[in-house]
Amino acid sequence: MTWCNRIAKCEWCPENINAGEPLVTVFFWNKGSPEHKGFNVKKYYHPDCWVAQGLDYLKRNPYSPYIRKVKMELTPEQAEHRYVLLRRKAAIDQRIRKLADVPNRIMVEARLKEHITEIMLEIAPIGGIPKKWLE
Ligand SMILES: [Zn+2]
């Protein structure tokens with residue numbers, strides 16, 4: 001993880017990564033073909049987005065017994081719904097962290113935290129509220 005030097009496009013969310021923000025750079029090796037040499041593809045993520053895309057990958061490749069257990073209790077629709085809520089919460093967390101220099105910060109933060117409460121109520125019946133959210 002490094003500091004972003006200039007605006008980069010996040011691979012995961014629609015927001016740009018601005019200069020001075022933490023940035024995760026991932027290299028993907030494109031093997032190419034006998035005619036074309038392989039090349040590195042660089043992709044940029046917000047740290048949270050990098051985690052989110054990692055979780056997305058795990059969701060699509062459920063090898064962990066823990067994830068499988070959670071998945072077994074949920075229908076595919078519920079699992080999808082849960083995942084959407086997890087991402088929504090992560091996006092709100094990120095917005096809250098960026099609020100530091102917004103003039104009406106307290107108002108905005110209160111509104112965002114209200115959203116989080118709604119998400120908690122929504123996620124509770126479909127796999128429970130993640131422990132991390134309650135810390
Ligand atoms: Zn992002």
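Taking a 6.0 Å sphere around CD1 of Ile106, one finds it holds 12 or fewer heavy atoms contributed by other residues, nucleotides or ligands. Counted within 6.0 Å of CG on Asn5, heavy atoms from surrounding residues, nucleotides or ligands total 12 or fewer; the atom is thus considered open. Atom CH2 of Trp12 has more than 12 neighbouring heavy atoms from other residues, nucleotides or ligands inside a 6.0 Å radius.
By the 4.5 Å heavy-atom criterion applied to side chains, Leu23 and Met1 are not counted as neighbours. Looking at Lys42 and Thr25, their side chains come closer than 4.5 Å, going by heavy atoms from C-beta outward. Taking 4.5 Å as the limit, some side-chain heavy atom of Leu86 sits within range of a side-chain heavy atom of Pro130.
The pair Glu15-Lys98 meets the salt-bridge criterion, since a charged nitrogen lies less than 4.0 angstrom from a carboxylate oxygen. The residues Glu80 and Lys59 are annotated as salt-bridged, a charged nitrogen and a carboxylate oxygen being separated by less than 4.0 angstrom. With respect to Arg97 and Asp93, no salt bridge is recorded, no charged nitrogen being found less than 4.0 Å from a carboxylate O.
Side-chain N or O atoms of His81 include none that pairs as donor or acceptor with a backbone N or O of Glu122 at under 3.5 Å.
To the nearest 0.5 Å, atom CD of residue Gln94 and atom CD1 of residue Ile92 are 11.5 Å apart. The CE atom of Met120 sits 5.5 Å away from atom CD1 of Ile129, with the distance rounded to the nearest 0.5 Å. Remark: Ile116 CD1 to Leu121 CG distance equals 12.0 Å, nearest 0.5 Å. Distance check: Asn104 CG to Arg111 CZ gives 8.5 Å after rounding to the nearest 0.5 Å. Between the OH atom of Tyr44 and the CG atom of Asn16 there is a distance of 12.5 Å, given to the nearest 0.5 Å. Rounding to the nearest 0.5 Å gives a distance of 10.5 Å between CZ of Arg87 and CD of Gln53.
Nearest approach of Leu74 to Ile126, heavy atoms of both residues: CD2-C, 3.7 Å. Pairing each heavy atom of Tyr45 with each of Ile17, the nearest pair is C-CD1, 3.6 Å. Residues Arg82 and Gly127 share a closest heavy-atom pair of NH1-C, 3.3 Å. Between Lys9 and Cys13 the shortest heavy-atom distance is NZ-O, 3.3 Å. Across all their heavy atoms, Ala90 and Asp48 have their closest contact at O-OD2, 4.3 Å.
The same ILVMFWY cluster, assembled from side-chain heavy atoms under 4.5 Å apart, contains both Leu55 and Val26. The cluster map of Ile, Leu, Val, Met, Phe, Trp and Tyr, joined by side-chain heavy atoms under 4.5 Å apart, puts Val108 and Ile119 in the same cluster. There is a path of hydrophobic side-chain contacts, each under 4.5 Å, that joins Ile96 to Leu134.
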